[in-house]
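Start at 1 with the first residue, then count along the sequence.
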Amino acid sequence: MTAYPEAGCGAAIFDDAGRLLLIQRLTEPEAGAWGLPGGKIDFGEPARETARREIAEELGIEIDVNDLACIAEILDGGDGRHWVSPIFYARVVSGTPRLMEPEKHGGFGWYSLDALPTLLTTPTLALLDTLKTTPVPSPAS
């Protein structure tokens, strides 16, 4: 357990049909829950770059990272740690999602906002709360 907050980041990736890309976590924090792809920010690495790198590692796709959607915090999601995570809107610019780290993730899928999995991560819930008052930006061309 650390005695200070740690930084992660995630991306809210929507397809042309308005479905959200989610990945199931197998590790803490929030093991078993479905959430936004992303990961731990390395020292000196800008959060937007982390989002690009992590999502390429997790799903084998290249993304364009856009506006900040929200900030999420996980306070002891099962690992005794405190995570602070910017969540960015993003879009796929190349590749087709595939499971690249099966030891870390149980699966992935595109979900309509009215048909999401039952167990969602804290950052995903923060995004959904944001979407109640702010619509998803139109994808850049």
Side-chain angles (χ1 to χ4, degrees), residues 1-16 18-141:
M1 180 200 292
T2 60
Y4 50 86
E6 297 178 76
C9 69
I13 304 168
F14 289 89
D15 68 6
D16 292 338
R19 298 177 304 167
L20 180 62
L21 182 59
L22 296 178
I23 193 164
Q24 186 183 39
R25 298 187 55 81
L26 294 179
T27 60
E28 299 296 353
E30 303 184 313
W34 287 83
L36 306 169
K40 185 176 187 235
I41 299 171
D42 291 336
F43 182 80
E45 181 180 40
R48 290 172 190 273
E49 288 303 314
T50 298
R52 285 185 195 93
R53 175 184 55 77
E54 284 284 347
I55 290 161
E57 290 171 4
E58 292 175 352
L59 293 166
I61 56 176
E62 181 184 341
I63 62 167
D64 180 32
V65 180
N66 299 307
D67 295 336
L68 180 68
C70 63
I71 301 288
E73 283 192 273
I74 302 171
L75 300 171
D76 190 6
D79 61 357
R81 295 158 83 178
H82 176 182
W83 291 95
V84 178
S85 301
I87 306 300
F88 299 99
Y89 290 112
R91 66 182 183 92
V92 176
V93 293
S94 70
T96 300
R98 61 193 185 282
L99 197 59
M100 303 288 291
E101 299 175 317
E103 70 284 358
K104 293 181 182 178
H105 303 108
F108 70 91
W110 292 98
Y111 292 92
S112 170
L113 293 178
D114 61 1
L116 295 167
T118 304
L119 185 58
L120 297 171
T121 63
T122 300
T124 306
L125 294 172
L127 172 71
L128 294 175
D129 193 48
T130 297
L131 293 176
K132 290 177 186 175
T133 57
T134 308
V136 177
S138 299
S141 17

Distance-minimising heavy-atom pair for Leu113 and Gly18
CG-O, 4.5 Å
What heavy-atom pair brings Pro117 and Leu22 nearest, and what distance separates the two atoms?
CD-CD1, 3.8 Å
Parallel, tilted or perpendicular, as decided by the 30° and 60° cut-offs, for the rings of Trp34 and Tyr111:
perpendicular
If you compare all heavy atoms of Pro86 against all heavy atoms of Leu68, which two are closest, and at what distance to 0.1 Å?
CB-CD1, 3.7 Å
Measure across Leu131 and Tyr89 and return the closest heavy-atom pair with its distance rounded to 0.1 Å.
CD2-OH, 3.5 Å
Any sub-3.5 Å donor-acceptor pair from Glu30's side-chain atoms to Thr122's backbone N or O?
yes
All heavy atoms of Ala11 vs all of Ile63, minimum pair found to be CB-CD1, 4.2 Å
Taking Glu101 for the side chain and Glu103 for the main chain, is one N or O donor matched with an acceptor at less than 3.5 Å?
no
Scanning both residues in full, the closest heavy-atom pair of Leu36 with Thr124 reads N-OG1, 3.3 Å
If only atom types and distance count, is the side chain of Arg53 paired as donor or acceptor with the main-chain N or O of Glu45 below 3.5 Å?
no
Between His82 and Glu73, is a side-chain hydrogen bond (donor to acceptor under 3.5 Å, both in side chains) present by the stated rule, with each step listed?
CA-CA 7 Å; His82 176 182; Glu73 283 192 273; 2.6 Å; yes
Leu99: what forms a side-chain contact (heavy atoms from CB on, under 4.5 Å) with it, not counting sequence neighbours?
Pro102, His105, Phe108
So among Ile23, Ile13, Val92, which one has a side chain to side chain contact (heavy atoms under 4.5 Å, CB included) with Ile55?
Ile13
